[in-house]
Structure formats: structure tokens, C-alpha cells
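Each remark here refers to the structure printed beneath this line.
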Amino acid sequence: MISLHVMESIGGQARRAAPGTNWTIDLIEWARKCSLSKWLANAAGYEEAPVPPDWIVAAVGAGIAVGLVLAFISVVAMFSIWLERRVAGRIQSRIGPNRVGPFGLLQSLADGVKLLLKEDIIPSGADRSLFILAPALVMASALGMFAALPMAAGAGFTDLNLGIIFIIAVSSLATIGVIMAGWSSNNKWALYGAMREAAQVVSYEIPLGLSLLVPAVVAGSMNLREITESQSSWSGACWLIFQNPICLPAFVLYFVAALAETKRAPFDLPESESELVAGFHVEYSGIRFSFFFLEEYGAMFIMSALGVALFLGGWNFPGIDVLHGGWLVATQLLVFVIKSLCMILLMIWVRWTLPRLRVDQVMVMSYKYLTPIGLGLVVASAGWEVLVAGGLPFNDRPFWMQAATPALVVFVCLLLGWMLRKQSVDSAAAPFAARSSAPGAIQT
Amino acid sequence: MVPSSETPARGAAATLPVKPAGQGDYDEDFNLKPKFATPLARNEREMVMDVRTQDMEMNMGPQHPSTHGVLRLLLRVDGEIVTGAVPYIGYIHRCAEKIGESVEWIQYLPYTDRYDYLAAMNNNLGYSMAVEKLLGIEIPERAMYIRTICAELNRIGSHLIAFGTYGLDLGAFTPFFYSFREREWILSLFEKICGARLTYSYIRIGGVFNDSPPGWLEEVAAFCNDFEEKWKEYNDLLSENSIFVSRTANVGVISVEDALAFGLTGPCLRGSGIAYDLRKAQPYELYNKFEFDIPVGSGRKGTVGDCWDRYDVRMQEMRESVKIVRQCLAGIQEGPTLAKLSAALRVPAGHAYVGIENPRGELGHFVISGGDKKAIRLRVRGPSFCNLSILPKALPGTMLADAVAVIGSIDIVLGEVDR
Amino acid sequence: MVAPTHTLKSSGWFNEVWLGFWTALVGMRITLKYFFKKPETVQYPEERMPIPDRYRGIHYLEQEKCIYCFMCARACPVDCISMEAVRHGKELEWVSFTVDYNRCMFCELCTYPCPKDCIHEGKEFALVTYDRRDLVLDLLSWKGMSAEAKQRFEAAEAAKASGAAAKDAPKAGAAPADAPEHS
Ligand code: SF4
Ligand code: SF4
């Protein structure tokens, strides 16, 4: 009944916020007029079709929504896995999976089928109920986060006023699942993974939240749809990362914190292969293991999508305003997904470059570096908005400012690129034992 | 888990004479003896806080991705902090030394390949030199040049593995593939000169088996040029990376005294700041002809003798090896590659010890001959085996993730530890 | 960005943040460079790496030259060569010449002592079977005697017979040589 309540309140709120644009509501309306119920009513001899009670409608709607999300998350996760393996291959001078399907695109599907068919092993010493429940909880958190994503102007499951907070809150659910998995596996390595996950996620929610406050401050809203809409203009100059120069470091901060939240390298301590073998899911196999896998890539997508919605203009793209109706929604959806995949690509690129941090360094990084930076950025962005931009929305600012901030951001990026042009690190200056030293002389 | 000494002693154990009481792993009451010198004790924090805590003992290995083979480490941990470590070895013991007493002199050569399989050329060289010392024969100069080239190339190959797997241990996957890409070239060079990629059996008593094929020396020169470029990339990618430095600097510091007391050799010893390299200390083969330096640990990123120093010594040694190979290529002349030896080799009675600088340290062969076709005794001093002994000293006080870093920086090959 | 927590040479908060950020970028530049380069790997069953001439693979035997002297078998450290033949004067009637690839370590020590230089290691390396007994391979290309050997042997026998019993009635001509039995 709690879920029913949530669905109703979400649906009610959505109807108030954006009438007629939310297709979940349309779905529920459609279910009300469902021809099956009419047919049943006729068969029973009633004149008028009885409107099904609200809870049935809500449940059917929720079921369909969950099905859609599940399908979407699976497809996105499988594609990301393929992408990751191919990109990793190319980065490492090899090819990557290329046997199943064109370019190996069906490799993930084949792996999924293999995992489905595998024996489901539950260790004899495991806490069975927790062991079974943990992947489900982890999966639920990934599904729940999708609810608040603004995928396109008219498409999205809900329209929450506190969308940012909702996503952060639901993403923490996965941690509980991971801890359950680590504890119930009755394996010391798994327990280590779980404990690391708990510490890491709790610590990184602070910089993550702070980095999300920056776009909230700039856009003046916590509603993801509103923030995205505030970034629409004919050019891309209105994207939040260009609206305010503070948003660029905030985006980097968000990216780092998102890496830690999704347990991606260099923060993959909970499942570090070379230390904890596989961390919290070391005892899992078959379909339960694949749940953890799907969740990881699903969470990656959601964190990327959130970054896209908040910093990179969401569904906006220069020039797509010429489209109308369904085409516009479809294109916006496509733009949103492609932008998110680009951010996933960035995550993959980082993962295959950097070594892993140690557990205490992860903590130090959060509390000593990222949190102060985040605090500073929030203050600085607010200062910029009030003092420099005069509290005006971006499109009302003087033209030179509309041009200057994007130019500044682009300039910084180009400057970094230019500095990277040449070999940077000189480590050839190693000390040598003096050549003249007598053979075997021991120098201490 | 090993029961602590708090486990109540079982009485009337006389009916279980598995082993004589008090010997082996069991004490007088046939309880398993604690593996550590001190039994598991309740943590001091218990007195302060209201929680009962106790250290945990856990097995790292023998099937663990970061123990570089089948090393088993019994760790005692307090949360993430390692408080004790005992290495268990012997999982791939193959009686190599004993076999040496039952095969002919030449026939033992393939067995030397198999103890440090990442540096088989150096192993061949060490064994051959020990037997040659007993034989008292002259090795043709070209053979010595080819031997040196092969040994140095193999040192580069071995250090490349150390570099790549060290990145892997610390979670960086890509350097591993890059290092294997370069090593592949070295392996194909060896394949061209002797036909094998890992177990070469190429350097033999009295010289080498085959002369180098045409074009081989030029390809070695090409490799040297290419490798120096790639070497810079390795440093950019890993050595100077801030995460890597913070994972390795000041971690697993081995002091000079410890390094000497535990008999460390090779990069582990030089990482602690001691410029002891057998190629300079007791120049064998042609090494006193060549210009090269001995890199030593400097504490550039942290303390002298930390993991970064040991890693850096290996990185620098690769460049020094390239230098040596270049000088070999400049100096090599035409000539025979094998000394005159009778087919059925009989070695004069006597004993000889020869230590050479293997990529991991001093690889010593001690042979006793009775003047026959076989050795009476053959013993090996393996560098990995001795270097490994520092682990119980170096690990306590580090964190669990550091344990992986320390093992990786010592760069053991279990094939040679267990032999 | 990264915390050198206990680095003695701490270089200040801002410098550490910058170093962490910068060295990560430097690394990413290198990985990006290789992203756009051609992969180094080959697609194994379709493409293969060239195998050098000196490759030490599965042996092959030049059976005509072999004189059944056991030098190779004696040189082998793991005793994996065994052979059996019947001598007919100078000619050999081969029964088997096997190498046990369960034990062989491709060290090539067997090829050097061969007085006729007739055992070599070839370029074949794939030794995949479902049964380890299949790994004992026979190197003979024919069993028994080759056609020429048989002819020579029979001619010699005939000569011997005619020399020894010249007075007796001359025998019929040598029987036509059978086709060699291939293994
Ligand atoms: S290659 Fe070595 S092991 Fe194999 S048969 Fe020849 S001598 Fe024996
Ligand atoms: S050593 Fe040569 S000739 Fe002698 S048996 Fe072996 S293969 Fe034949």
C-alpha cells in the first residue's frame, strides 16, 4: 500500500506540474478506458463500463512502467558493457569482443544467457534470505532512480520537485543491498567489500550533494525538468556548464563523486579484483551475479544522465527546436541517451587509465579534498550569480556575458589540451650509484 | 581459521596419534599450533570501548590474483590493517635440485628454465657458468656477446612483467597490456634465435646452441630504439601518476639493515639504497667492458626503500639494460659460438659456486662434481625465495591493499621460490 | 586530487589537487592515443603470427636417414623417445618411433647429438586431444621397410643366397616389392 500511495502522490503531482505531457498519466487514463473492462461490463450486462478502482489502475501502471524501465536498463547496461569492453580493448591495443553479432554487439546478450543458465549457488554457510534479497534490493535502487530522470520534454515517469534529492536518496539503497550481500555471503573478502562500500558511499554523498547544489543554485530549482528546461535556447551556450564558469569545476567534482558512488575505478574498492578478489559479490553466481552487474552499469547510466541533465543541457541540443510533436520527443530522448553514453565513455576511459586508490586515501580524498572544494564551489557559484550576473537568468544577461562565460570555459579546456600536447613528466632524473664506486662497495 | 590458543585444550588426545605429540603442526594436546609467534589476543580497544574486538586471520592465496602464483599468505588483520603475515610456500615444488643429481650435465639445462620462468636466459646462464667454472674452459667471445644480449633482453622482459603486473595489482589494467606488447617483441626475438618463447634452453655449457640468425642483431637494435620511446610512456602513464605514487610511496619501507639481514638482493636491495649489483661487484662475462649505471632507491617520492623505489629501480634498470645491449651490438664480432666440448660431458671433480645477477637478484648455482656425467650435488640460491622472506617483516602495519603492493614490489616468481 | 596521506614531501594542498588532476590527464592522453591506433593483436584461427624457422614444435623424423642409434633417446632428459626396429643387415624394418608429448618439453636436446642430423623440431604446435594417450605420437611415415630398402635388402639376400648356393638351381627373380605400408 505504500507503493500505491507513492504512485498516487507522484501521479497527482505530475498532473499538476505538467498537464498532458506525462505519458505515465496517459497510460493510466488509457487503462481506465480499457476495452477489456468494457467488454467485461457488456458481458455482465451493464450499460456503462465500471471504472476500475484506482489501486488497480495504479498497480497496472506501475507494472508497465517497471517493465519498460527494466527493458531500458537492460538494453542500456548491455550496450554499456559492450562499449566498455570494446573501448578497453582499443585502449589496450587489442580488439575486444567481436565474435557474437556484428562488432560483437550481441556478446553481452550471450553472456546474459549464459549467466541465466548457470547453476544458482548459495554457499552453505550463507544467510539464505539475505543472500537472496540483496541483489533484488540493489536492482530496485537502480530501477527507482530511473523514475526521476527527465528523459525528454514530454517523457519521464515522474516530475518531482526534489528530483535531485530523490535520486541521491534512492541511490543509497543500493549500499544496503551491497552490505547485505557482503554480510550474508559468510566470506571475509565479501565482508571487506561491503564495509568498504558503506564507508565510501556515505563519504562521497557529501561532495556529490555539494556538486549538485551548484546547478541548483545556478538554475534556482531542484526540479530536474525545470533545470533542464532552463538550459534550452537555440544555441548550446545556455547549458549550465557554460552559464557559470564555476560549473566546470563543479562538473569535474560531480564526475569524480559519481565515479565513487557507482564504484567505478579508481574507486572500485568494494569489488577490487586484485585485493578482494571480487569483493562483495565474490560468492554470487548466475543470475544473481548478473543483477549486481546490471545495477553497476544501470547506476553508471543514471549518474551520467543526471550529470547530463544538470550540466550538459539534458535533452537540449542546438537546432532540434525545429522539430515538432513526437519527432521532437524522440529526438530529445535520443540526444539525452547519446549524451549520457558519452559520459559513460568518459568513465570507461578513466577506468582503464588510472590505478586504484587505497581505502584510507579514498576517505581522505573525500573529506580533505572534495568536500572543501565542493563547499567553495557552492559559495563561489552563488557569489557569481549574485555579484557578477546580477541575479538575472542567463537569457536576460547582457550579450557580452552570454558570450564570455562559454568562451572562458572553452578556453580553459583548450588550454589544458595544449598543455597536454607534449610529454609532461620527466622521470629520467634518477639517481645512480656513482660509476666510480669500487665494485661491491656498499653505500648506505 | 586457525584456532587460537584460547581454544580449550582437548583432553585424552592419546587416542589420536596422527603425529608424534609436540611435532609438526600440533602441540602436545594435538591442537593445531598457532601459526604466529604470539597467539590471537583480544584487542586493547576492548578495554577502552564497550565492544569486544579481535584480530581476524585470513588466507590470502594460494588462489588469489595478487600473490603472483601459488603463494599462500596467512594474514592477521585488524580491520584493514595487517598485523601479521606468514607466507606458506611449496605448492609447486618440483624437486628441481634433486633432479639435477640424476640427469646429465647438459640435460639439466631445461630444468633451469623452469624455476624463474620469466628470466630463463639468466637461469641458463647461471647454471652454465657454474659448470664452466668446473670445466675451466674458454668461452668464445661471440658467444659471450650473444649471451649478454639475451640475458639483458630477458631482464627487460622480466622487468616489463614486473611493471605490468604491479600496475595490475594496484588496479591499473592498461600498463599491463602495454608491457606485454613490448615483451611480445622480446619473445619473438628469442623465438627467432632459439625457437622457444619462454623456456629457452639456449645458453648452454660452453657457449650458446645456435649462432644468431641473419638480421637478428639489427632487429634487436630496432627494438632498443622503439623501447626507449615506449619507456617514457610507461612513466607518464604509471610511475608519475599521483594515485600510483600515493599507493606506493612510503609503503612497505625496507630499511637498509633489514634488507641486509634478510639477504635481499637485486632491485629489492638496491631499492633500499645499496648499490650492490653482481654485474659490477663481481663482473662476469663481459660486464666489465660495458658502461652502465646501477640505479638505487632514492626516496624521491617518499622514503628510501619504499615500494616506489623498488619499482623505480626496475624501471631505470630497463634503460640500463638497453644501454648494455647497444654496447654489445656495437662490439660483437664474427666467430664461433660454442667451445669445443666432448659429446658425453664429464666434469672434473670439485665444487663451484657462481652467482649471477638475475632480474630478481642473486641467482647462485652450487655444483659438486665427482668427475662423472652427473652432478653429485646441485643447489640453487634463488633470489625470489630470499626476497620473499622479508614479507613477515614488511607487511605488519600496512593496510590490506598495501600488502598487495608490497608483494608486487618484491616481484617474486613462485616457480623459483618453490623450485 | 589524490591524497598522498603520509608523503613526507607534502607539497601543499593546492599542488596536490593539481598534481592529481594533471597526472590523470597525462595518463588519459596516452590511453587516448592508443585508442586511435591499430590494435596489435591478431585474430588467431584466421590470422597467425609468423613462425620462425627455428621454432621448436612437434618433431619430424627423416626416416630414411635414421640409423636406429638411440643417441636422441639417450640425450632426452625426460626419456620420452622410444623406438623399435628390426635390423636386417644394413636395412631397418621399422616398428615404431614414438615421442611421448605428455613429457616432452620441446628442449631440442635430442636433435643435436643425432649423427645423421635426421630428427628435427618442426613448426607444428597444436597438441589438443581428449585423451592423453593420444599424445604419444609415432613419427614414422611408414612402418616395416620402405620399397627401396626392401628391394635392396632382397637383392642383397638374393646375392647372398646365390653366392652361398651357386651350385644349386637358380632361384626365381626377386618377388615384386609390395607397396610400402604407410602408418
Ligand atoms: S625435445 Fe627435449 S624433451 Fe622432447 S624429445 Fe627432444 S630431448 Fe626429449
Ligand atoms: S639420433 Fe638420429 S639417427 Fe640416431 S636414432 Fe635418433 S634420429 Fe635416428
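Letters A, B, ... are given to chains in the order of the sequence lines, protein chains preceding strands, and every chain is numbered from 1. Everything numeric in this text was worked out from a predicted model, so none of it was measured.
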Which bit of [X] comes within less than 4.5 Å of chain A, counting heavy atoms only: side chain, backbone, both or neither?
{"X": "B:Leu238", "result": "side chain"}
{"X": "B:Met315", "result": "neither"}
{"X": "B:Arg181", "result": "side chain"}
{"X": "B:Tyr178", "result": "side chain"}

Would you call A:Arg358 and B:Glu80 a salt bridge, using N to O less than 4.0 angstrom? no
To the nearest 0.5 Å, tell me how far [X] [atom1] sits from [Y] [atom2].
{"X": "B:Asp402", "Y": "A:Asp360", "atom1": "CG", "atom2": "CG", "value": "7.5 Å"}
{"X": "B:Phe176", "Y": "A:Gln92", "atom1": "CZ", "atom2": "CD", "value": "9.5 Å"}
{"X": "B:Thr174", "Y": "A:Ile91", "atom1": "OG1", "atom2": "CD1", "value": "6.0 Å"}

Can you tell me if [atom1] on [X] sees more than 12 non-hydrogen neighbours from other groups inside 6.0 Å?
{"X": "A:Trp183", "atom1": "CH2", "value": "no"}
{"X": "A:Tyr367", "atom1": "OH", "value": "yes"}
{"X": "A:Lys118", "atom1": "NZ", "value": "no"}

For chain B, the option from A:Pro355, A:Ser93, A:Ala88 that forms the most heavy-atom pairs under 4.5 Å: A:Pro355
Looking only at heavy atoms, what is the nearest atom pair of B:Ile243 and A:Pro266, with distance? CD1-CB, 3.9 Å
State whether the side chain of A:Lys188 and the backbone N or O of B:Asn59 hold a donor-acceptor pair below 3.5 Å, judged by distance alone. no
If you tally heavy-atom pairs under 4.5 Å against chain A, which of B:Gly171, B:Ala405, B:Pro175 wins? B:Gly171
Side chain to side chain, A:Tyr192 and B:Met56, heavy atoms closer than 4.5 Å: yes
